[in-house]
Amino acid sequence: MVAVTMMVDGVACSDEVEPRLLLAHYLRDRLGRVGTPIGCDTTNCGACTVLLDGESVKSCSVLAVQAHGAAITTIQGLAGDGAWHPLQRAFHDNHGLQCGYCTPGMILAAVDLLRRNPDPTEEEIRIGLEGNLCRCTGYVNIVRSVRAAALEMRESATSGVGR
Amino acid sequence: MIPPRVEYAAPDSVAEAVSVLAEAGEDAKVLAGGQSLLPVLRLRMAYPSVLVDLGRIDGLRGVRDEGASIVVGGMTRHSDVIDDPLVRRHAALLAAATATVADPQVRHRGTFGGALAHADPAGDLPAVAVALDAEMVAEGPGGRRTIPASEFFLDYLQTALDPGEILCEVRIPKLDDGWSAHYEKFSRTAQAWAVVGVAAAVRRSNGTIAEARVGLTNMSTTPVRARGVEAALTGKPADAATVAEAAMHAGEGANPPSDLGGQADYRSHLATVLTRRALSRAAHIG
Ligand SMILES: Cc1cc2nc3c(=O)[nH]c(=O)nc-3n(C[C@H](O)[C@H](O)[C@H](O)COP(=O)(O)OP(=O)(O)OC[C@H]3O[C@@H](n4cnc5c(N)ncnc54)[C@H](O)[C@@H]3O)c2cc1C
Ligand code: FES
Ligand code: FES
């Protein structure tokens, strides 16, 4: 067993884990944070995407021991003070989901995309989310949701209101 | 699936990593970004005894200027390579090819050294290393040694690294004044491996192509240096006819695989088409 310490959604967590434990399983099975789903065995689908020190990663392809010392944000830590993140709101308003399985990963991948590019074109959104598969929506409303959130986030950044 | 049971070590120096590897013997595995290794473990295609995680060794990360070359640390992540000013300035081909690797999440974990050590024939970076005459600097129990890219890739997923060796850094001779580059990749879906890829760098001078470098991805079990294409370009006018003629040599010395991505003859055809496109973009023709 190996000792690990990390911040998960703002809470400090310390545990003894087997080296083979995947970060996704640590979050789900040990911490009970089941908002992060697992969709494949091959690092392809992106459903398990979380932020590691602010950058998107596939938590099924990071060992918990590799995340020692890091800060992790899951979909459950994205809302602040009871208010949804603009991306969560935009996916809701624009029907950016159907079954919802891909949604946590989509939203966290989009957080990362907008951090690097606050005003992406449709093409840039599609390329920026290429690591996330959706089997329901056909992506059209996902792209629409990300554009809507990007607009709202740029406007609140210039007016200094909101997050 | 859950990976098999395995021990874990996270040394904080290369010397310590080398000695942990030596102690653990043949079944030990180096862990870099894990973006190839962890899927392999989850699919239970390998059963290493111990994972030696290089992630805590700061000295293996980053890019530095060494005069005629830049030196890229083995643990430099794809996302950092793409953004690095030295890479963009002196090895634009590497930045361009790395931007086509996988997807943002994988690029936040996967490393340059890992992609080379993994030596997947469909990987985009081995062809770049071969085209740029990169040199691999490896450290093992016997000390450090330098392996030219042309001698590094031996076969499918096989390199000249000994099991106890670590790929520490990669020296890449600068291509500066007058050089421009393009990586042309053909894949069937987003976030996919290349069916075929072409890495091209060209130096133009007074309307002619003074020098060219061309490497091919997935045209053999190892990356192919397209010397015939390079020879057909050198000293010729920088125009569409030169590029089209040179591209016809792309299949020479290649031994393309037949698999779900395409049959060998299709790949050979694709190589000429993509070589023409890559050279035209690199040399700003048409
Ligand atoms: C969904 C997906 C899509 C991908 N698409 C592409 C693509 O389009 N093009 C592409 O080029 N790649 C692609 N990759 C692979 C990606 O580039 C990986 O980052 C790379 O192959 C391995 O790098 P890593 O750092 O993750 O290495 P790891 O997975 O940690 O290691 C890979 C292998 O190399 C060995 N190794 C790693 N580092 C060293 C070192 N410094 N010294 C000695 N041995 C070492 C390990 O022991 C292991 O055998 C894809 C991966 C995924 C999951
Ligand atoms: S579960 Fe599919 S990429 Fe992680
Ligand atoms: S909403 Fe069902 S997979 Fe995307």
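Quick note on labels: first sequence line is chain A, next is B, and so on, each numbered from 1.
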*asked:* Check whether Arg267(B) reaches the backbone of Pro257(B) with its side chain - one donor and one acceptor, N or O, closer than 3.5 Å.
replied: yes

*Could you walk me through whether Leu21(B) and Ile166(B) pass the side-chain contact (heavy atoms from CB on, under 4.5 Å) test, one step at a time?*
CA-CA 9 Å; Leu21(B) 275 175; Ile166(B) 290 170; 3.8 Å; yes

*asked:* Within the 4.5 Å heavy-atom criterion, are Leu113(A) and Val111(A) side-chain neighbours or not?
replied: no

*Evaluate side-chain contact (heavy atoms from CB on, under 4.5 Å) for Phe153(B) paired with Thr221(B), printing each intermediate quantity in order.*
CA-CA 9 Å; Phe153(B) 302 99; Thr221(B) 52; over 6 Å; no

_Quick check on Val57(A) against chain B: is it the side chain, the backbone, both or neither that has a heavy atom closer than 4.5 Å?_
both

_Given heavy-atom pairs under 4.5 angstrom as the criterion, report whether the side chain, backbone, both or neither of Leu31(B) touches chain A._
side chain

Across chain A and chain B, going purely by atom type as modelled, what donor-acceptor pairs are there at a distance under 3.5 Å?
{"unit_1": "Met1(B)", "atom_1": "N", "unit_2": "Asp41(A)", "atom_2": "OD1", "d": "2.2"}
{"unit_1": "Met1(B)", "atom_1": "N", "unit_2": "Asp41(A)", "atom_2": "OD2", "d": "3.1"}
{"unit_1": "Pro3(B)", "atom_1": "O", "unit_2": "Arg20(A)", "atom_2": "NH1", "d": "3.0"}
{"unit_1": "Arg5(B)", "atom_1": "NE", "unit_2": "Glu18(A)", "atom_2": "OE2", "d": "3.4"}
{"unit_1": "Gln35(B)", "atom_1": "NE2", "unit_2": "Ser61(A)", "atom_2": "O", "d": "3.1"}
{"unit_1": "Arg42(B)", "atom_1": "NH2", "unit_2": "Cys40(A)", "atom_2": "O", "d": "2.7"}
{"unit_1": "Arg42(B)", "atom_1": "NH2", "unit_2": "Asp41(A)", "atom_2": "OD1", "d": "3.3"}
{"unit_1": "Arg56(B)", "atom_1": "NH1", "unit_2": "His68(A)", "atom_2": "O", "d": "3.3"}
{"unit_1": "Arg56(B)", "atom_1": "NH2", "unit_2": "Val65(A)", "atom_2": "O", "d": "3.4"}
{"unit_1": "Arg56(B)", "atom_1": "NH2", "unit_2": "Gln66(A)", "atom_2": "O", "d": "3.4"}
{"unit_1": "Arg56(B)", "atom_1": "NH2", "unit_2": "His68(A)", "atom_2": "O", "d": "3.3"}
{"unit_1": "Arg77(B)", "atom_1": "NH1", "unit_2": "Glu55(A)", "atom_2": "OE1", "d": "2.7"}
{"unit_1": "Arg77(B)", "atom_1": "NH2", "unit_2": "Glu55(A)", "atom_2": "OE1", "d": "3.3"}
{"unit_1": "Arg77(B)", "atom_1": "NH2", "unit_2": "Glu55(A)", "atom_2": "OE2", "d": "3.2"}
{"unit_1": "Asp103(B)", "atom_1": "OD2", "unit_2": "Lys58(A)", "atom_2": "NZ", "d": "2.7"}
{"unit_1": "Gln105(B)", "atom_1": "NE2", "unit_2": "Thr49(A)", "atom_2": "OG1", "d": "3.0"}
{"unit_1": "Gln105(B)", "atom_1": "NE2", "unit_2": "Asn132(A)", "atom_2": "OD1", "d": "2.8"}
{"unit_1": "His108(B)", "atom_1": "ND1", "unit_2": "Ser56(A)", "atom_2": "O", "d": "2.7"}
{"unit_1": "His108(B)", "atom_1": "ND1", "unit_2": "Ser56(A)", "atom_2": "OG", "d": "3.3"}
{"unit_1": "Gln191(B)", "atom_1": "N", "unit_2": "Glu130(A)", "atom_2": "OE1", "d": "2.8"}
{"unit_1": "Gln191(B)", "atom_1": "OE1", "unit_2": "Asn44(A)", "atom_2": "ND2", "d": "3.3"}
{"unit_1": "Gln191(B)", "atom_1": "NE2", "unit_2": "Asn44(A)", "atom_2": "O", "d": "3.0"}

*In terms of heavy-atom proximity below 4.5 Å to chain B, should Leu63(A) be classed as side chain, backbone, both, or neither?*
both

*Side chains of Leu129(A) and Ile142(A) in contact at under 4.5 Å (non-hydrogen atoms)*: yes

*Which atoms of Ile38(A) come close to chain B, meaning under 4.5 Å heavy atom to heavy atom: side chain ones, backbone ones, both, or neither?*
side chain

_Contacting region of Ala102(B) [heavy-atom separation from chain A under 4.5 Å]_ = backbone

*asked:* If I take atom SG from residue Cys134(A) and atom CE from residue Met106(A), how far apart are they, to the nearest 0.5 angstrom?
replied: 5.5 Å

*Examine whether an atom of Cys60(A) lies under 4.5 Å from a heavy atom of chain B, and if so say whether it belongs to the side chain, the backbone or both; otherwise answer neither.*
both

*Would you mind reporting whether Met6(A) and Val8(A) have side-chain heavy atoms less than 4.5 Å apart?*
yes

_Which portion of Leu41(B) sits near chain A, non-hydrogen atoms under 4.5 angstrom_ = neither

*Rounded to the nearest 0.5 Å, how far does CG of Leu114(A) lie from CD1 of Ile107(A)?*
11.0 Å

_Between Thr217(B) and Tyr183(B), is there a side-chain donor-acceptor contact under 3.5 Å, judged purely by atom types and distance?_
yes

